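Read the structure below first, then the notes.
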2 protein chains.
Amino acid sequence: MSPSTVSLVLNGSEKIKKSTRERVLKAAADLEYRPNEMARSLVSSRSRCLSVTVPALNHVFSDVYFGEIISGIYQQANEAGYKILLDIAQESFIAEKEYLNILRNRRADGMLYIASTIEDRFLLEFEEEHYPLLLVNHYFPQSRLNFLSVDYRKAATLCAEHLLQLGHRHIGLVIGTNTFTGLDFRDRFFEVCEKRQVGKSSLPWIGCKDWDEQEGYNATQKLMSRHPELTAIMAGNDRMAMGAIRWLTGKGLRVPGDVSVMGVDNIPSAQYATPGLTTLKMDFFQVGRLSCKRLLEMLNRTRAECAELLDPHLVLRESTGPAR
Amino acid sequence: MSPSTVSLVLNGSEKIKKSTRERVLKAAADLEYRPNEMARSLVSSRSRCLSVTVPALNHVFSDVYFGEIISGIYQQANEAGYKILLDIAQESFIAEKEYLNILRNRRADGMLYIASTIEDRFLLEFEEEHYPLLLVNHYFPQSRLNFLSVDYRKAATLCAEHLLQLGHRHIGLVIGTNTFTGLDFRDRFFEVCEKRQVGKSSLPWIGCKDWDEQEGYNATQKLMSRHPELTAIMAGNDRMAMGAIRWLTGKGLRVPGDVSVMGVDNIPSAQYATPGLTTLKMDFFQVGRLSCKRLLEMLNRTRAECAELLDPHLVLRESTGPAR
DNA sequence: ATGAAAGCGCTAACAA
DNA sequence: TTGTTAGCGCTTTCAT
């Protein structure tokens, strides 16, 4: 039997007689034949791999935010028979244009870039290149780069309305300002507050970069000492909110008795924190899953572009209460 | 100029005249030449990829435990010019022997399997196969499978001694029993307590499987209602410890005033929990990094096998105190 | 419906 | 020191 016959059978062609097909399939099973993926990729110039890239944050995979997105991506990719190639956008990754090479090389057929920042301007190169790229949970305004993200303007609306409704009129905001989604959140948060006559002077804020517990802790310290009149801290994510609670309780302040704290993300520990953290549920697993789905659609040419926003939802727990 | 000359230059051979080498390098740079990795792998039958496999836990990448290990692996792999291929040991992964195929296929040159369980007996097949495999933070007793893990017997010793020293004589233990390391921890914990005349009857315990907050919560509920005399809860990891604290504080019990709680892992939120969690620091980043290093050594034939244990360290915070 | 043959882009043994 | 050549294992026209 010739190689081509075998190849056709194994790739599910209809052109082979049933009896032959069965003979091939049986032989393949008996011999435990496994096609060499390298050879396959070489000739088809498709690796059936997707590159998943995350920013070079400290120990980034330990962040549940990224973990959840990656889990979602994996699930979808796996169902479609794709493998996941992991990458971190370190200096060399950018300097050596690895983000392009990995696609040029055919190590990956497409790229999912999770949580880029406003500094990742190198991504704009993909406007010129035709390589399939999708930004996950971020976007570049005024660019044609594909993205799928949680709607952070809606998120800000939900947060502001919740706190205002509880009577808070002096709210401290801690938020990362290195993402366009973070900036959107901040701007929209102020916008909604101002509509309810709560002006900027009652809304001191601190911008940061790492979005972690330590920054929440430090920022809360600064905000509370400069503005003791604050009755609520709005943190850009749960990790910072946990840092905020830590500082407040350390100072003997009660949460939410003295100061309410609200986060964003609904990470698992938010539920098990003391007090349970009021936050927004962003379904990051779904963000990952859908992002991957969209990218695969683009690879299959059943979709040309993607610009999609997913809704967040309020999760009420014990860390927010009426203003004192 | 011939392909072989170029190939030799690009692979750093010394056999090429300097002037020629420079001419090649310049041309390559000018043309932005990128070797096709697929072709390269095909001929060399090395993919320069490492497979990293994790068990099929719910949203496993969101667990900081895995995240930290993966970060460490990535760092080491990246330095050595290797890529990371991510996988989850789902049903199909096992049923279809994907764990072997991925190596047979040459999609990966070696495999790091993180946190296998006692049920992952399929891994024993690797005793017969010559494919490079290393178990990360687990091991199979009486097998020749390579591993690198934290020393959980030492961990148990540190925990037991800490609690005994604080005067605790009635300690509830919550621990996953689906790993050999978990069983080791339990057995050693009892052993140390018994040496100090604290017998099994004062050490009620509950075995579990998922090692998560919910299980810690449920187990603590059962332990405390059946054994109100308990003055401490020893949890097999920090996530379960957080669940324990959650249940206790929900019941109006003070931690550590009424009941001390101790965890294992030192996940980031342990520091920012209220109260801060006393725990063991296992340097999982280092576990990942070293595991990857050992595997690469085995690939390079500079090492034949690996059976290595890393020491844990006590981290004192506020969740443990003298027995009431 | 099946087989023969070319070639994907590279490496390495061998020749020159 | 450099060039020639033969594959690596597969897919895919093109003949048969």
Side-chain angles (χ1 to χ4, degrees), chain A residues 1-49 81-83 85 97-98 100-109 130-131 299-301, chain B residues 1-49 81-83 85 98 100-110 130-131 299-301:
Chain A
M1 202 167 302
S2 81
S4 56
T5 309
V6 177
S7 175
L8 284 171
V9 170
L10 263 36
N11 290 311
S13 164
E14 305 290 297
K15 301 177 185 174
I16 303 293
K17 217 197 309 176
K18 209 172 163 193
S19 67
T20 319
R21 187 213 311 282
E22 276 162 10
R23 228 150 46 88
V24 171
L25 253 27
K26 177 152 178 5
D30 288 351
L31 297 168
E32 298 200 23
Y33 168 79
R34 309 292 167 199
N36 179 319
E37 291 294 332
M38 320 268 66
R40 221 174 204 190
S41 303
L42 177 58
V43 65
S44 63
S45 54
R46 300 192 319 147
S47 59
R48 293 203 156 270
C49 278
Y82 276 78
K83 292 269 161 201
L85 215 48
K97 302 218 177 194
E98 181 70 5
L100 278 176
N101 291 341
I102 206 167
L103 294 165
R104 275 207 270 252
N105 279 344
R106 308 275 40 177
R107 283 204 101 135
D109 297 341
H130 61 285
Y131 295 113
L299 290 179
N300 299 336
R301 310 241 172 248
Chain B
M1 205 169 302
S2 81
S4 58
T5 310
V6 176
S7 176
L8 285 171
V9 170
L10 262 37
N11 290 311
S13 164
E14 303 290 295
K15 302 178 184 174
I16 302 293
K17 217 199 308 178
K18 207 170 162 195
S19 68
T20 318
R21 187 214 312 283
E22 275 162 10
R23 226 149 47 88
V24 171
L25 256 26
K26 177 151 178 7
D30 287 352
L31 297 169
E32 299 199 23
Y33 167 79
R34 310 291 167 201
N36 179 320
E37 291 295 332
M38 320 269 63
R40 227 178 199 188
S41 303
L42 178 59
V43 64
S44 63
S45 55
R46 300 192 319 147
S47 58
R48 293 204 156 269
C49 277
Y82 276 77
K83 292 270 164 202
L85 215 47
E98 180 72 4
L100 278 175
N101 292 341
I102 206 168
L103 293 165
R104 277 207 268 254
N105 279 344
R106 309 274 39 176
R107 282 203 102 132
D109 297 341
H130 61 284
Y131 295 114
L299 291 178
N300 299 336
R301 310 240 172 248

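Lettering of chains follows the sequences in order, A, B, ..., and the numbering in each one begins at 1. Everything numeric here is computed off the predicted structure, so don't read it as measured data.
- Counting non-hydrogen atoms under 4.0 angstrom, B/Ser41 reaches nothing in the nucleic acid.
- Looking only at distances, a side-chain donor or acceptor of B/Arg106 sits under 3.5 Å from a matching main-chain atom of B/Ala108.
- Whole-Å rounding puts the B/Leu42 CG to C/dG7 C1' distance at 12 Å.
- Neither OP1 nor OP2 of C/dA1 sits under 4.0 Å from any side-chain N or O of A/Thr5.
- Between the side chain of A/Ser7 and the main chain of A/Pro3, no donor-acceptor pair closer than 3.5 Å is present.
- Around the CZ atom of A/Arg23, the shell of radius 6.0 Å holds no more than 12 heavy atoms that belong to other residues, nucleotides or ligands.
- Each of C/dC10, C/dT2, D/dT1 was ranked by its minimum atom distance to the side chain of B/Pro35; first place goes to C/dC10.
- If you measure from atom CZ of A/Arg46 to atom P of D/dG9, you get 22 Å, rounded to the nearest angstrom.
- With hydrogens and angles ignored, a donor-acceptor pair closer than 3.5 Å exists between the side chain of A/Ser4 and the base of C/dA4.
- Going from atom CZ of A/Arg106 over to atom P of D/dC10 covers 20 Å, rounded to whole Å.
- Salt bridge status for A/Glu37 with A/Lys83: absent, with no side-chain N to carboxylate O gap under 4.0 Å.
- Taking atom CG on B/Asn36 and atom C1' on C/dG7, their separation rounds to 13 Å, with Å as the unit.
- For B/Ala39 and B/Leu8, each mapped to the nucleotide of DNA chain C holding its nearest heavy atom, the one lying further toward the 5' end belongs to B/Ala39.
- A sub-4.0 Å separation between OP1 or OP2 of D/dT11 and a side-chain N or O of A/Ser7 is present.
- The backbone N or O of A/Ser41 sits nowhere less than 3.5 Å from a side-chain atom of A/Ser47 that would complete a donor-acceptor pair.
- Note: CE (A/Met38) to C1' (C/dT11) measures 15 Å, nearest angstrom.
- DNA chain D is contacted by both B/Ser44 and B/Lys18; B/Lys18 maps to the nucleotide lying nearer its 5′ end (nearest heavy atom per residue).
- Look at CZ on B/Arg23: it is 15 Å from P on D/dT1, rounded to the nearest Å.
- We find that CD of A/Glu37 is positioned 18 Å from P of D/dC8, with the value rounded to whole Å.
- For A/Val43, the side-chain atoms get nearest to C/dG7 when compared with the rest of C/dG7, C/dT2, D/dT1.
- If you check every strand for non-hydrogen atoms under 4.0 Å, A/Ser45 touches nothing.
- OP1 or OP2 of C/dG9 has not a single side-chain nitrogen or oxygen of B/Arg40 nearer than 4.0 Å.
- Taking atom CG on A/Asn105 and atom C1' on C/dC10, their separation rounds to 13 Å, with Å as the unit.
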